[in-house]
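One structure is given here, and the rest of the page talks about it.
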Amino acid sequence: MLDGNMPSAGFNSGALKAFEAELTQAVIPFVEKNYRVRKEPDSRALAGLSMGGIQTLYAGLYHTDMFAHLGVFSSGWLPFYQKVADEQYEFISKNKAAIDSQLRLLWIAMGGKEDIAYQNCQNMLKEFDALKLKYTYSEYPGGHTWPVWRNNLYNFAQLLFNE
C-alpha cells in the first residue's frame with residue numbers, strides 16, 4: 001500500500017503521475033528484487049478505494065501489460081478531472097485490442113446510490129460502455145464506508161488468479 005503521493009494542496013493530476021511513477025519505478029522493482037514473486041501480469045492485481053480507485057484507474061488501465069486484474073471500489077472520474085478522464089478514454093479507444101487481450105478483470109464496485117462517488121462512477125461506466133470496455137459491476141449498500149469496502153475486497157479477492 002503506497003501513501004498515494006497526496007500533496008498538501010490536495011489531490012491533482014500531478015499526484016496521479018507521482019503515484020504511477022512510484023508504483024512502476026520503485027515499488028514493483030523493490031518487491032521483485034526482495035521477494036519471490038511472479039512477475040507476469042496474470043499474477044498481479046491492483047485495487048483501490050475512493051481516491052485510490054482513481055489511482056487504480058489511472059495507473060492500471062495504462063499498464064495492463066503489468067496488471068491483469070483491477071479493482072475499483074467507490075470511485076469514478078471526478079468532474080474536475082474531466083481532461084485526465086478524457087485522455088484515458090482516448091487511450092482506451094486507441095489501445096482497445098491490447099487492453100482486451102491483457103486485462104482479465106476490471107471489477108468496479110459501489111456502495112449503492114448513497115455512495116458519494118455513485119454518479120461519478122455511473123458517468124464513467126457510460127463511457128466504458130460506449131468504448132465497449134469489459135467490466136464487472138457490483139453494488140453493496142452502505143455508502144462510502146469501510147463495511148462496503150471490506151465486502152468489495154472480499155468479493156474481488158475471490159475472483160483473482162482463477163484459471
Side-chain angles (χ1 to χ4, degrees), residues 1-24 27 44-96 98-100 102-160:
M1 176 183 280
L2 310 178
D3 71 4
N5 288 293
M6 292 298 295
S8 60
F11 194 68
N12 57 44
S13 61
L16 289 170
K17 289 176 182 153
F19 173 84
E20 177 187 19
E22 182 179 26
L23 178 69
T24 61
V27 174
R44 284 198 190 123
L46 182 63
L49 57 95
S50 194
M51 287 187 191
I54 291 173
Q55 291 169 323
T56 296
L57 287 166
Y58 187 83
L61 285 171
Y62 285 125
H63 293 284
T64 55
D65 60 327
M66 297 178 82
F67 301 98
H69 311 84
L70 302 175
V72 178
F73 311 156
S74 291
S75 197
W77 285 108
L78 301 164
F80 52 86
Y81 281 116
Q82 195 57 51
K83 181 178 183 256
V84 177
D86 289 342
E87 289 170 359
Q88 188 165 73
Y89 299 145
E90 184 177 338
F91 175 84
I92 292 167
S93 178
K94 289 180 179 177
N95 296 280
K96 181 81 171 51
I99 292 169
D100 282 346
Q102 295 169 332
L103 189 61
R104 300 191 96 121
L105 177 63
L106 174 54
W107 200 79
I108 300 170
M110 292 300 301
K113 291 183 180 177
E114 63 270 28
D115 194 315
I116 61 171
Y118 183 82
Q119 194 55 55
N120 296 336
C121 182
Q122 298 311 306
N123 294 339
M124 179 185 72
L125 294 180
K126 285 179 187 171
E127 294 288 340
F128 286 174
D129 289 342
L131 292 165
K132 296 184 176 22
L133 182 66
K134 295 180 285 187
Y135 61 87
T136 300
Y137 181 75
S138 175
E139 280 190 27
Y140 181 81
H144 206 75
T145 61
W146 282 107
V148 169
W149 300 325
R150 282 192 293 266
N151 176 273
N152 294 163
L153 180 58
Y154 172 79
N155 287 298
F156 175 63
Q158 293 182 62
L159 303 174
L160 298 178

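Only heavy atoms go into these numbers, but all of them, side chains included; no hydrogens, no water, no symmetry mates.
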Could you tell me whether the side chain of [Y] reaches within less than 4.5 Å of the side chain of [X], counting heavy atoms only?
X	Y	value
Arg44	His69	no
Ile54	Val72	no
Phe73	Ile108	no
Gln122	Leu125	yes
Asn123	Tyr118	no
Tyr137	Cys121	yes
Asn155	Trp107	yes
Leu16	Val84	yes

Testing the basics here: between [X] and [Y], what is the closest heavy-atom pair and its distance to 0.1 Å?
X	Y	result
Leu23	Ala59	CD2-CB, 4.1 Å
Thr64	Leu61	CG2-O, 3.9 Å
Ser75	Gly53	OG-C, 3.5 Å

Measure the [atom1]-[atom2] distance between [X] and [Y] for me, rounded to the nearest 0.5 Å.
X	Y	atom1	atom2	value
Leu153	Leu49	CG	CG	9.0 Å
Glu139	Asn151	CD	CG	12.0 Å
Gln82	Glu87	CD	CD	10.5 Å
Phe67	Leu105	CZ	CG	14.0 Å
Leu131	Ile99	CG	CD1	9.0 Å
Arg104	Lys134	CZ	NZ	10.0 Å

Keeping the roles fixed (side chain from [X], backbone from [Y]), state whether a donor-acceptor pair exists under 3.5 Å.
X	Y	result
Thr145	Gly142	yes
Ser74	His144	no
Gln88	Leu57	yes
Thr56	Gly52	yes

So that I know where these two stand, are Tyr58 and Phe19 an aromatic pair - ring centroids less than 6.0 Å apart? no
Start with the C-alpha gap between Tyr62 and Asn95, add the side-chain angles, then the distance that decides, and say whether side-chain contact (heavy atoms from CB on, under 4.5 Å) holds. CA-CA 9 Å; Tyr62 285 125; Asn95 296 280; over 6 Å; no
Under 3.5 Å, is there a donor on one side chain and an acceptor on the other for Glu127 and Trp77? no
Any chance the side chains of Tyr135 and Asp129 put a donor and an acceptor closer than 3.5 Å? yes
Between Glu20 and Gln55, does a side-chain contact (heavy atoms from CB on, under 4.5 Å) hold up when you go through it step by step? CA-CA 8 Å; Glu20 177 187 19; Gln55 291 169 323; over 6 Å; no
More than 12 heavy atoms from other groups under 6.0 Å of NZ on Lys113: no
May I ask you to check whether over 12 heavy atoms, not counting those of Phe156, lie within 6.0 Å of atom CZ? yes
